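All of these numbers come straight from a predicted model, not from anything done at the bench. Here is how names work: the chains are called A, B, and so on, in the same order as the sequence lines, proteins then strands, and each is numbered from 1.
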Amino acid sequence: MIKITLPDGSIREYPVGTTALNIALSISEGLARNVLAAKVNNEVWDAQRPISNDSTLQLLTWNDTEGKATYWHSSAHLMAEALESIYPGIKFGIGPALENGFYYDVDLGERTISTEDFKQVEDKILELAKKKSQYIRKEVSKQEAIKYFTDKKDEYKLELIEGLEDGKITFYTQGDFIDLCKGPHLPDTNNIKAVKLLNIAGAYWRGDEKNKQLTRIYAITFPKQKDLTDYLTLLEEAKKRDHRKLGKELELFMFSEMVGGGLPLWLPKGNILRERLIAFMKKLLVENEYQLVTSPHIGNSILYKTSGHYEKYGKDSFQPIHTPNEAEEFLLKPMNCPHHIEIYKFKPHSYKELPIRYAEFGTVYRYEQSGELHGLTRVRGFTQDDAHIFCTQEQVTEEFMKLIDLVLKVFKALGFNDYTAQISLRDPNNKTKYIGSDEGWNKAEKAIIDAAAAKGLKTVTELGEAAFYGPKLDFMVKDALGRKWQLGTIQVDYVLPENFSLEYIGADNQKHRPVMIHRAPFGSLERFIAVLIEHCAGEFPLWLSPEQVAVLPISEKYHTYAEQVFKKLQSVNIIGNLDDRDEKIGRKIRDAEVKKIPFMIIVGEKEQEENTISLRRHGKGDIGSMSITQFITLVETEIKSELEKK
RNA sequence: GCCGUUGUAGCUCAGUGGUAGAGCACUUCCUUGGUAAGGAAGAGGUCGAGAGUCCGAUUCUCUUCAACGGCUCCA
């Protein structure tokens with residue numbers, strides 16, 4: 001007998017060679033039906049794999065990330081089986097699970113697959129799933145593995161096998177399909193009840209453009225038909241919220257071929273969003289003892305050669321600008337930091353002045369590859385809510401804690417309540433990618449970890465994700481649809497102060513090197529607004545709304561009164577429009593609703609006589625009548641509560 | 001940058017080897033209407049750009065640009 005420790009700490013005894021599935025069955029039949037895989041001694045295993053030693057065991061179901069991953073990975077195998085039966089001789093690359101669904105890279109040879117073929121593949125997958133084929137794990141020698149795939153003429157799998165250690169190679173078989181795979185897999189295919197092929201895309205074998213391009217087929221499966229329907233509804237909803245679509249519909253921003261791809265033009269309404277976000281941030285900056293500075297859009301290349309960016313990114317940037325006579329070289333500003341460094345160097349600094357915090361809404365330009373441009377989230381010119389903090393080593397952790405507070409305050413005011421922080425550290429196996437001393441890096445990494453811990457942040461740590469000049473703390477928010485976005489960032493930098501020989505005079509009357517912190521709570525205004533649009537589906541918080549109110553006169557007779565109301569609102573900075581078109585009220589209301597204007601004020605005979613307004617709320621309908629003053633108070637109260645959310 | 005798809009009116013889209021159509025928006029007129037589309041008429045397009053095939057190209061071919069879906073990249 002062996003001892004199995006369950007997550008609740010209880011220990012049960014089972015015969016040697018029992019499986020997670022059997023153990024689940026011993027607890028309850030329902031549980032056994034839902035088991036997709038199991039964590040045995042913290043390693044994800046097949047639920048049907050024999051356990052021969054004392055172990056800890058956690059059963060994994062659809063509610064566990066690893067359970068889902070196993071489910072989708074097994075689904076990828078099933079899709080491969082379906083594809084192989086439809087397209088005999090097809091070759092397979094890799095077929096991993098994703099956060100939502102899975103894909104398989106295939107080499108179809110001369111054939112092609114298109115969305116019209118999806119139905120056939122989906123039907124085949126369901127047909128195979130119904131056979132309830134078991135996923136059978138088999139350990140094979142490297143020689144056997146090579147022989148199998150040589151016979152099958154699958155050079156991709158052979159290449160994968162080459163990189164594997166003999167004795168650690170396993171095959172999984174379900175139905176007629178055998179795949180090289182380390183697993184784990186579902187007990188059988190019967191769990192896969194609903195499938196949808198999502199799209200096809202080209203993908204280079206092993207992500208290298210020198211290699212052959214394979215066809216990547218994305219799909220998703222579910223244990224219940226309803227889950228699939230829900231997922232497809234979610235995709236629809238995401239489409240409706242797409243900031244590119246809403247940006248056009250709500251007249252927030254545009255792109256022009258004449259101006260160039262990735263260079264957004266802000267329309268008047270979108271610009272109000274920008275201005276309000278900037279005003280909001282400036283207020284926070286003043287409260288947090290930042291000083292605003294301004295730097296030009298181009299800088300001498302010496303600046304970026306000194307910073308190290310030129311060497312690292314110069315060849316991928318926009319081409320330098322050359323002067324006609326003096327043979328000088330300028331770069332479009334790709335970041336603000338070197339400029340702020342020069343501002344720091346304007347005069348010597350005492351330790352008593354530190355930390356010095358220079359902030360700027362600086363527009364920077366980066367050459368993004370044409371295929372990478374995407375709405376406002378990936379552009380070639382964007383405005384950072386940038387600041388650089390110059391402080392002593394001792395001040396780093398405290399500054400970091402203040403910055404975490406600042407970022408969180410911003411998130412709360414904008415309704416991003418679900419966030420995590422990612423600590424990005426060096427890849428310990430590839431230190432050459434980074435510049436700066438080991439000592440500096442170690443200190444910086446520790447400062448971030450300490451500050452995040454002191455603030456009780458929910459964090460994940462990623463090795464190898466640091467910037468080349470220093471580690472960073474990035475904030476990921478989850479939007480209303482549960483999608484993750486990276487927004488704010490805080491980065492420590494020991495390299496630039498070194499490259500620019502920054503100094504301050506310490507209490508000991510000696511020169512010391514300050515530490516620099518880069519930070520941007522929004523990240524970039526463009527990206528932030530894109531995420532915000534999708535998060536709130538274009539229904540902005542009242543304080544940000546570019547059109548807070550629409551004043552709708554019932555007919556021409558009440559235009560004068562409507563105008564009085566409108567002017568009164570304008571005088572207290574409540575913005576919007578006066579709809580004096582020759583249309584019926586129903587039409588005016590509809591148009592205001594479609595534009596997602598938070599408040600509609602309807603004025604006619606009754607209102608004019610009583611000197612009141614009739615109020616309607618977007619999405620909610622008629623609220624009733626009140627005085628203008630009451631309405632103004634209502635708006636001001638709501639804005640105040642939005643901005644002061646804790 | 002690479003692969004694939006797409007490009008027709010301001011927007012959303014239909015359509016064709018014989019120089020184009022709908023709905024909405026727009027303009028004018030009628031209507032002065034009380035909580036999600038009142039009615040009529042009108043105007044609007046080198047069919048993304050360039051080249052080729054053809055008697056003739058928006059339609060077929062090539063090139064190019066842009067957008068979209070991916071890949072690679074991201075200070």
Check whether A/F382 forms a cation-pi arrangement with A/R527 (NZ or CZ under 6.0 Å from the six-membered ring centre, at most 45° off the ring normal).
no

Between [options], which nucleotide gets closest to the side-chain atoms of [X]?
{"X": "A/Y218", "options": "B/C71, B/G34, B/G33", "answer": "B/C71"}
{"X": "A/S555", "options": "B/G33, B/C68, B/G1", "answer": "B/G33"}
{"X": "A/K584", "options": "B/C74, B/G38, B/A36", "answer": "B/G38"}
{"X": "A/E583", "options": "B/G38, B/G69, B/A75", "answer": "B/G38"}
{"X": "A/E257", "options": "B/A66, B/G34, B/U35", "answer": "B/A66"}
{"X": "A/S614", "options": "B/U35, B/A75, B/G69", "answer": "B/U35"}

Respond yes when some side-chain nitrogen or oxygen of [X] is under 4.0 Å from OP1 or OP2 of [N], and no when none is.
{"X": "A/R216", "N": "B/C71", "answer": "yes"}
{"X": "A/R581", "N": "B/U32", "answer": "no"}
{"X": "A/H559", "N": "B/U32", "answer": "no"}
{"X": "A/Y367", "N": "B/A75", "answer": "no"}
{"X": "A/R378", "N": "B/C74", "answer": "no"}
{"X": "A/S370", "N": "B/G1", "answer": "yes"}

Gap in Å between the two [atom1] atoms, one belonging to [N] and one to [M], rounded:
{"N": "B/G1", "M": "B/G38", "atom1": "P", "value": "48 Å"}
{"N": "B/G18", "M": "B/A57", "atom1": "P", "value": "11 Å"}
{"N": "B/G48", "M": "B/A20", "atom1": "P", "value": "14 Å"}
{"N": "B/A9", "M": "B/G69", "atom1": "C1'", "value": "27 Å"}

Once you apply a heavy-atom cut-off of 4.0 Å, does [X] come out as touching a base, just sugar-phosphate, or nothing?
{"X": "A/G261", "value": "sugar-phosphate"}
{"X": "A/G604", "value": "base"}
{"X": "A/L373", "value": "sugar-phosphate"}
{"X": "A/N199", "value": "sugar-phosphate"}
{"X": "A/I585", "value": "sugar-phosphate"}
{"X": "A/E249", "value": "nothing"}
{"X": "A/H518", "value": "nothing"}

Between A/V603 and A/K248, which residue's closest nucleotide on RNA chain B lies nearer the 5′ terminus?
A/K248

For A/M335 and for A/E593, locate the closest nucleotide of RNA chain B by heavy-atom distance; then report the residue assigned to the nucleotide nearer the 5' terminus.
A/E593

Is a donor-acceptor pair below 3.5 Å formed from side chain A/E607 to base B/G34, judging by atom type as modelled?
yes

When the distance from [atom1] of [X] to [atom2] of [N] is rounded to whole Å, what number comes out?
{"X": "A/W205", "N": "B/C3", "atom1": "CH2", "atom2": "C1'", "value": "17 Å"}
{"X": "A/D579", "N": "B/A37", "atom1": "CG", "atom2": "C1'", "value": "13 Å"}
{"X": "A/Q369", "N": "B/G69", "atom1": "CD", "atom2": "P", "value": "16 Å"}

Closer than 4.0 angstrom, basic N to acidic O: yes or no for A/R241 and A/E534?
no

Ion pair present between A/K248 and A/D242, side-chain N to carboxylate O less than 4.0 angstrom?
no

Geometric class of the A/Y367/A/F318 ring pair [parallel <30°, tilted 30-60°, perpendicular >60°]
perpendicular

Would you call the rings of A/F253 and A/H243 parallel, tilted or perpendicular if under 30° counts as parallel and over 60° as perpendicular?
tilted

How far apart are the C-alpha atoms of A/E251 and A/K595, what are their side-chain angles, what is the distance that settles it, and do they pass the salt bridge (Lys or Arg N to Asp or Glu O under 4.0 Å) test?
CA-CA 9 Å; A/E251 300 185 0; A/K595 283 198 276 181; over 6 Å; no

Minimum-distance pair of heavy atoms, taken over all atoms of A/N271 and A/W266
OD1-CB, 3.9 Å

